[in-house]
There are 2 protein chains.
Amino acid sequence: MDKLIPNITPAKPTPNYHHGNLREALLAASVDLIGQQGIQALSLRKLAQLVGVSHTSCYHHFKDKDALLAAVAEQGFGQISKGLRQIMDNADTQLMDKLKQAVSGYVSFATQNPTQYELMFGRDLWQGENHSQFQRVAKDSFRQYVYLFEQFQQEGILAASENPLRLAQLMWSTLHGLAKLASDGIFAKQGDLDDIIEYALKRVEGLINISPT
Amino acid sequence: MDKLIPNITPAKPTPNYHHGNLREALLAASVDLIGQQGIQALSLRKLAQLVGVSHTSCYHHFKDKDALLAAVAEQGFGQISKGLRQIMDNADTQLMDKLKQAVSGYVSFATQNPTQYELMFGRDLWQGENHSQFQRVAKDSFRQYVYLFEQFQQEGILAASENPLRLAQLMWSTLHGLAKLASDGIFAKQGDLDDIIEYALKRVEGLINISPT
DNA sequence: AAACAATGTAAACACTGTTAAGATAGTAAT
DNA sequence: ATTACTATCTTAACAGTGTTTACATTGTTT
């Protein structure tokens with residue numbers, strides 16, 4: 001779906017004074033530029049030149065540079081949410097398989113879009129001003145994990161004594177940690193990743209079958 | 001140990017041409033400034049003004065702005081390592097209690113120094129140029145977790161069939177995820193954190209007692 | 001005392017985000 | 001269709017940034 005080498009073509013021959021679709025173009029160029037050169041390398045001016053437009057025109061579509069970054073991050077969460085929903089809505093898949101697919105899908109996104117993933121969890125977007133729209137989309141993607149564990153419980157696979165929310169929080173923390181550390185190559189070598197995931201899933205399976213206190 | 005409101009005093013009356021301890025002063029001021037205003041707010045000029053020195057003097061102690069940030073991050077890992085070592089070296093503490101203390105200590109650091117923690121795991125420092133010294137200190141702090149689980153195994157508490165490295169990687173991922181999400185208030189409310197940690201530790205305890213395949 | 005290296009400063013460069021004022025083009029109202 | 005209006009894009013300017021270059025001051029070694 002994503003091109004391996006996104007094409008950053010320096011301006012296209014748009015004879016129109018009004019670009020017509022500048023907002024989307026800016027977002028797309030941002031994803032490309034960030035993916036290739038890192039978050040730091042993204043400047044409004046470079047971006048505008050890439051799209052073939054004056055750099056101040058950005059301010060008609062985004063309040064801030066921060067707002068643009070928030071939109072890029074939001075798009076990332078949207079992508080994850082979409083993928084999760086497709087997995088969840090497949091009636092032919094067993095619950096445990098859904099979990100496995102959800103996990104590997106999440107980690108895949110992080111490792112394939114490491115800089116965007118970094119942006120999505122940057123402290124600025126969560127702590128600073130209220131990028132409320134962005135945060136809403138992000139939290140929606142999380143609720144699907146809670147929903148998954150609730151289904152586990154409804155089908156009696158997971159003991160009623162367990163707390164689905166806590167379980168989802170714990171599992172998602174692990175997932176985020178794995179994704180982050182793997183995508184940045186911090187500790188686990190890229191190859192070890194699958195091993196660790198398998199290792200983690202075994203634990204969850206044990207938890208589900210044994211269902212301890 | 002850390003002051004709640006670090007004092008950012010704008011320049012001290014240093015009549016000396018040579019500051020004498022500029023490197024340390026810059027690091028300390030960086031930690032303060034970052035902690036109060038965020039990473040983005042740190043500029044070499046602001047920093048220099050805070051210490052009462054010309055902004056170009058930084059380049060005699062750090063190659064880059066990035067190098068300075070790496071030093072700040074390195075100091076953070078050093079702090080964590082030191083705390084872990086104190087826990088590990090206490091002969092009067094049981095292994096399981098050491099684990100608990102290590103976990104809560106780690107999370108405490110992250111929640112009390114959220115911006116520095118963010119910096120420590122920023123992609124730039126891990127991906128970009130080779131801040132080798134920084135990475136060495138960081139990885140040292142991780143090895144202590146591996147060492148802990150190895151001890152578990154030596155004392156027969158953890159089944160020999162388990163892989164201490166994998167276990168440490170998994171646990172540390174979880175820990176990092178929890179710390180990050182909690183310190184930025186992303187999903188878990190700050191109050192829920194203790195619950196989740198307790199929940200997580202129970203899982204590890206179960207793993208250790210039952211010692212499954 | 002002279003030579004040297006370490007550590008400080010000042011000036012200049014290219015680049016950044018942001019604002020303000022004006023140009024252009026589509027759209028709705030008369 | 002002409003007018004008014006709004007959305008969109010441009011140019012010009014501003015303050016602030018990291019970094020380099022050349023120079024000043026100090027501490028140390030010969």
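The chains referred to below are lettered A, B, ... by the order of the sequence lines, with proteins before strands, and numbering in each begins at 1. Scope of the values below: all heavy atoms of this structure, side chains included, with no hydrogens, waters or symmetry mates.
- Note on A:His61: a side-chain N or O is less than 4.0 Å away from OP1 or OP2 of D:dC9.
- Per the geometry, CZ belonging to A:Phe62 stands 13 Å off P belonging to C:dT18, to the nearest Å.
- In this model, a side-chain donor or acceptor of B:Arg45 finds a partner on the base of D:dG18 within 3.5 Å.
- If you take NZ of B:Lys65 and P of C:dC15, they are 18 Å apart, rounded to a whole angstrom.
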Exercise for the section: Under 3.5 Å for both distances, Watson-Crick or G-U wobble, that's the pair rule; now give the dot-bracket for DNA chain C, with | marking pairs to another strand and [ ] for crossing ones. Expected result: ||||||||||||||||||||||||||||||
Handout entry: A:His55 vs A:Gln49, side-chain contact (heavy atoms from CB on, under 4.5 Å): CA-CA, chis, key distance, verdict
Key = CA-CA 7 Å; A:His55 69 275; A:Gln49 191 186 358; over 6 Å; no
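- By the 30° and 60° cut-offs, the orientation of the rings of A:Phe121 relative to A:Trp172 is tilted.
- The cationic group of B:Arg143 does not satisfy the cation-pi geometry with B:Tyr147, failing either the under 6.0 Å distance to the six-membered ring centre or the 45° limit from the ring axis.
- Ring to ring, B:Phe149 and B:Tyr145 are not that close: their centroids are 6.0 angstrom or more apart.
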Handout entry: Criterion salt bridge (Lys or Arg N to Asp or Glu O under 4.0 Å) on B:Arg203 and A:Glu162, from CA distance to verdict
Key = CA-CA 12 Å; B:Arg203 302 291 150 251; A:Glu162 294 285 342; 3.4 Å; yes
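- At least one side-chain nitrogen or oxygen of B:Ser43 sits closer than 4.0 Å to the OP1 or OP2 atom of D:dT17.
- Residue B:Leu68 is classed as having no contact, given no heavy-atom separation below 4.0 Å to the nucleic acid.
- Atom CD of A:Gln49 is separated from atom P of D:dT11 by 13 Å (rounded to the nearest Å).
- Dashed line: the shortest gap from a side-chain N or O of A:Tyr59 to OP1 or OP2 of C:dG17 is not under 4.0 Å.
- As rounded to whole Å, 12 Å separates atom C1' of D:dT17 from atom CD of B:Gln40.
- Donor-acceptor pairing under 3.5 Å, judged by distance alone, is absent between the side chain of B:Thr56 and the base of D:dT19.
- The cationic group of A:Arg136 does not satisfy the cation-pi geometry with A:Phe134, failing either the under 6.0 Å distance to the six-membered ring centre or the 45° limit from the ring axis.
- Place A:Lys46 and B:Leu22 on DNA chain C by their nearest nucleotides, and B:Leu22 ends up nearer the 5' end.
- Atom pair B:Leu47:CG and D:dT17:P shows a separation of 11 Å (rounding to whole Å applied).
- A close approach under 4.0 Å does not occur between any side-chain nitrogen or oxygen of A:His55 and OP1 or OP2 of D:dT10.
- Between the P atom of C:dT19 and the CG atom of A:Leu44 lies a distance of 11 Å, rounded to the nearest Å.
- Per the geometry, NE2 belonging to B:His60 stands 15 Å off C1' belonging to D:dG18, to the nearest Å.
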Practice task
Go through the steps for B:His176 and B:Tyr117 under the test ring-ring contact (aromatic ring centres under 6.0 Å, His included), then give the verdict.
Solution key: CA-CA 10 Å; B:His176 172 64; B:Tyr117 189 80; 5.6 Å; yes
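- Here D:dG27 presents its P atom at 15 Å from CG of B:Asn21, a figure rounded to the nearest Å.
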